[in-house]
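Reading through the structure tokens given below for one structure.
Reminder, nothing fancy here: chain letters follow the sequence lines and each chain counts from 1.
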Amino acid sequence: VWQREQLRERALEPLMRDVELPLVHVLREMELAGVRLDVARLQVITERVRGEIRDLEEDIFRLAGTEFVIGSPQQLGEVLFNGLGLSRKRRGKTGFSTDARVLQAIRGEHEIIPVIERWRELNQLDKTYFSVLPQLVDGESRIHTTFLQAVATTGRLASTNPNMQNVPIRTDLGREIRGCFEAAPGAVLLSADYSQIELRVLAHVADEPVLKDVFVRGEDVHTATASQVFQTPADQLTLGQRSRAKMINYGIVYGLTDFGLADRLDIPREEAKAIIDAYLDRFPGIRAYIEGTIERATEAGHVTTLWGRRRQIPELKARNWQVRTLGERLAVNTPIQGTAADVLKLAMIRCHRALSGSGVRLILTVHDELLFEGAPHDVEAARAIVEREMVGVWEHDPPLAVDVGVGRTWLEAK
DNA sequence: CAAACTTGCCAC
DNA sequence: AAACGTGGCAAGTTTG
Ligand SMILES: Nc1nc2c(ncn2[C@H]2C[C@H](O)[C@@H](COP(=O)(O)OP(=O)(O)OP(=O)(O)O)O2)c(=O)[nH]1
Ligand SMILES: [Mn+2]
Ligand SMILES: [Mn+2]
């Protein structure tokens with residue numbers, strides 16, 4: 001009863017009625033549908049990778065001069081920092097960190113480091129995907145995730161058992177794994193992913209003229225940042241570089257410091273500061289939006305999305321500096337990430353309705369992407385419908401845009 | 001011995 | 001870890 005009263009008081013009834021409740025059935029059907037996994041293809045990759053892991057282990061033990069549990073950060077730190085005397089960077093609660101950014105920073109100090117980095121990549125994918133996914137398929141070789149509708153504080157969905165929202169794609173091996181998810185025999189997949197979604201939401205809520213203009217012109221901010229930071233012509237950029245630029249673009253908006261950027265890019269702090277300053281100077285409305293949002297959130301004690309989703313931010317009242325600045329970053333991030341979540345949920349409902357009886361069904365959702373499955377002819381017809389429904393959720397400036405692809409596998413469709 | 005915590009890392 | 005955000009998962013280690 002008190003929950004219902006709170007819903008009314010906080011004007012959340014439209015969100016509940018028009019978004020969350022209709023979404024339940026859409027999610028249920030997606031979970032039942034599942035997505036097909038090519039187990040044989042995955043098996044071939046698995047055997048090849050496990051062979052390489054064994055070779056890497058031998059190399060690591062030889063270079064270290066001792067055998068140890070590579071997967072134990074404690075033992076690895078002992079070998080690297082005491083045994084080999086390599087430089088220590090950050091330290092955690094238990095000892096000196098050995099994470100990927102530390103290894104990147106000391107890569108030149110010893111030939112064992114690149115081998116460990118490779119072992120980490122392969123071993124992580126082995127234990128998380130190769131060892132787990134084949135056990136989860138049903139009689140039709142399909143995997144059924146569970147979507148969590150009320151876990152993420154911003155309104156995003158989460159996915160569990162297995163998490164289908166963090167299937168690898170960024171490395172070559174990751175792309176091979178992504179390529180193991182496929183359509184049913186005779187069918188194809190259609191992937192539709194919003195272009196630069198949170199930057200578009202930001203351009204609107206911050207009313208940032210330069211950023212709006214970028215989207216009106218049809219330009220790509222991630223590519224532009226990559227080109228600037230990596231000093232490379234736009235048409236020569238790799239997917240990896242654009243992906244790094246994405247991290248930079250969102251990082252800066254949500255409070256990334258020169259220290260943090262320098263660490264992530266492995267560059268001097270001054271260079272990192274120059275990148276951040278250039279970014280915020282180019283889009284002056286972002287600075288103003290950040291400051292205004294923090295001020296209003298501190299006053300109100302909460303923030304809301306465009307559809308009225310609300311998050312209390314008690315951290316803003318903290319006297320502890322660490323907690324309070326966390327609250328400031330939450331105040332900026334939540335309305336934007338949350339608005340993008342609202343958009344996707346509405347798009348799911350609209351697409352589900354528009355495609356009922358079409359032979360094309362929604363099978364996955366990944367924060368700003370929808371994945372559909374159907375016969376090639378039906379999917380071709382669905383293409384325009386999906387794009388129209390996804391773009392049509394948003395009646396603001398700048399408009400949203402969607403990248404659509406079709407293929408046999410999830411990798412090919414992207 | 002299992003639960004809880006820590007570290008590290010995948011995705012968006 | 002000092003200070004982009006949202007998640008889930010596996011393994012090692014500590015705790016009870
Ligand atoms: N704070 C933060 N948000 C991120 C990060 N990566 C992705 N996101 C959020 C913001 C994105 O708009 C949203 C969807 O991710 P995508 O990979 O689809 O990127 P985006 O839509 O910006 O670009 P795209 O044109 O699809 O390649 O997820 C990140 O590193 N930090
Ligand atoms: Mn996107
Ligand atoms: Mn996406």
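Side-chain nitrogen and oxygen atoms of A/Arg329 include at least one within less than 4.0 Å of the OP1 or OP2 phosphate oxygen of C/dG5. OP1 or OP2 of C/dC4 sits under 4.0 Å from a side-chain N or O of A/Arg264. Proximity of A/Thr98 to the phosphate of B/dG8: a side-chain N or O atom is located under 4.0 Å from OP1 or OP2.
Using modelled atom types, one finds no donor on one side chain facing an acceptor on the other under 3.5 Å when comparing A/Glu78 with A/Gln74. A/Glu369 and A/Ser191 share a donor-acceptor pair across their side chains, judged by distance under 3.5 Å alone. Between the side chains of A/Arg120 and A/Thr98, at least one donor N or O sits under 3.5 Å from an acceptor N or O.
Among C/dG5, C/dG8, B/dC10, the nucleotide with an atom closest to any side-chain atom of A/Arg156 is C/dG5. Minimum atom distance to the side chain of A/Lys93 is reached by B/dT6, of the listed C/dT6, B/dT6, C/dC4. The side chain of A/Ala100 approaches B/dC9 more closely than any other nucleotide in the set C/dA2, C/dG7, B/dC9. For A/Gln337, counting side-chain heavy atoms from C-beta on, the closest listed nucleotide (C/dC4, C/dA2, C/dT6) is C/dT6. Nearest to the side chain of A/His367, among B/dC12, C/dG7, C/dT6, sits B/dC12. Set against B/dT7, C/dC4, B/dC12, the side chain of A/Thr94 has B/dT7 as its closest nucleotide. Here B/dA11 is the nucleotide among B/dA11, C/dT6, C/dA2 with the atom lying nearest to any side-chain atom of A/Pro168.
By the 6.0 Å contact criterion, NE2 on A/His25 is open, its count of non-hydrogen atoms from other residues, nucleotides or ligands being 12 or less. Atom CZ of A/Arg50 has more than 12 neighbouring heavy atoms from other residues, nucleotides or ligands inside a 6.0 Å radius.
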Task: Protein proximity profile, nucleotides 9-16 of chain C - base contact B, sugar-phosphate-only contact S, no contact -, cut-off 4.0 Å on heavy atoms - done: SSSSSS--

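Between A/Ile197 atom CD1 and B/dA11 atom P there is a gap of 21 Å when expressed in whole angstrom units. Protein atom CG of A/Asn333 is 13 Å distant from nucleotide atom P of C/dC4, rounded to whole Å. A/Asp126 places its CG atom 16 Å from the C1' atom of B/dG8, with the value rounded to the nearest Å. Taking atom CG on A/Asp99 and atom P on B/dC10, their separation rounds to 11 Å, with Å as the unit. Rounded to whole angstrom, the span from the CZ atom of A/Arg120 across to the P atom of B/dG8 amounts to 6 Å. Summarising the geometry, the separation between CZ on A/Arg175 and P on B/dC10 is reported as 15 Å, rounded to the nearest angstrom. Look at CG on A/Leu122: it is 14 Å from C1' on B/dC9, rounded to the nearest Å. When the C1' atom of B/dC12 is taken as reference, atom CZ of A/Phe147 falls 13 Å away, rounded to whole Å.
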Can you give me every donor-acceptor pair (side chain of residues 204-212 of chain A, partner residue at least two apart or in another chain, under 3.5 Å) with its distance?
{"unit_1": "A/His204", "atom_1": "ND1", "unit_2": "A/Asp397", "atom_2": "O", "d": "3.1"}
{"unit_1": "A/Asp207", "atom_1": "OD1", "unit_2": "A/Lys212", "atom_2": "NZ", "d": "2.5"}
{"unit_1": "A/Glu208", "atom_1": "OE1", "unit_2": "A/Val210", "atom_2": "N", "d": "2.8"}
{"unit_1": "A/Glu208", "atom_1": "OE1", "unit_2": "A/Leu211", "atom_2": "N", "d": "2.8"}
{"unit_1": "A/Glu208", "atom_1": "OE2", "unit_2": "A/Gly285", "atom_2": "N", "d": "2.8"}

Please list, one pair per line, the donor and acceptor atoms closer than 3.5 Å that link side chains of residues 56-63 of chain A to other protein atoms, with sequence neighbours excluded.
{"unit_1": "A/Glu57", "atom_1": "OE2", "unit_2": "A/Trp119", "atom_2": "NE1", "d": "3.3"}
{"unit_1": "A/Asp59", "atom_1": "OD1", "unit_2": "A/Arg62", "atom_2": "NH2", "d": "3.4"}

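Among the heavy atoms of the strands, none lies under 4.0 Å from A/Val253. Backbone-only contact: A/Arg178 has heavy atoms under 4.0 Å from sugar-phosphate atoms and none from a base. Within the nucleic acid shown, A/Thr257 comes within 4.0 Å of at least one base atom, counting heavy atoms only. Residue contacts shown for A/Leu330 are limited to sugar-phosphate atoms, with no base heavy atom under 4.0 Å away. In this structure, A/Arg311 reaches the sugar-phosphate backbone alone: every heavy-atom distance under 4.0 Å involves primed, P, OP1 or OP2 atoms, never a base. If you check every strand for non-hydrogen atoms under 4.0 Å, A/Ile248 touches nothing. Nucleic acid contact class of A/Arg170 (heavy atoms, under 4.0 Å, all strands): base. Among the atoms of the strands shown, none is found under 4.0 Å from any heavy atom of A/Glu121. Nucleic acid contact for A/Leu148: sugar-phosphate only, since backbone atoms but no base atoms lie under 4.0 Å from a heavy atom of the residue. Note on A/Leu261: nothing from the nucleic acid sits closer than 4.0 angstrom, heavy atoms only.
Considering A/Asp342, A/Thr154, A/Thr339 in turn, A/Asp342 is the only one that fulfils the side-chain hydrogen bond (donor to acceptor under 3.5 Å, both in side chains) rule with A/Thr305.
Pair check for C/dC4 finds none; no Watson-Crick or G-U wobble contact set falls under 3.5 Å.
For A/Glu29 and A/Arg361, the salt-bridge test fails: no basic side-chain N is under 4.0 Å from an acidic carboxylate O.
Separation of the P atoms belonging to C/dA2 and B/dT7 is 12 Å when rounded to the nearest angstrom.
Place A/Tyr250 and A/Gly95 on DNA chain C by their nearest nucleotides, and A/Gly95 ends up nearer the 5' end.
Between the side chain of A/Thr304 and the backbone N or O of A/Arg310 there is no donor-acceptor pair closer than 3.5 Å.
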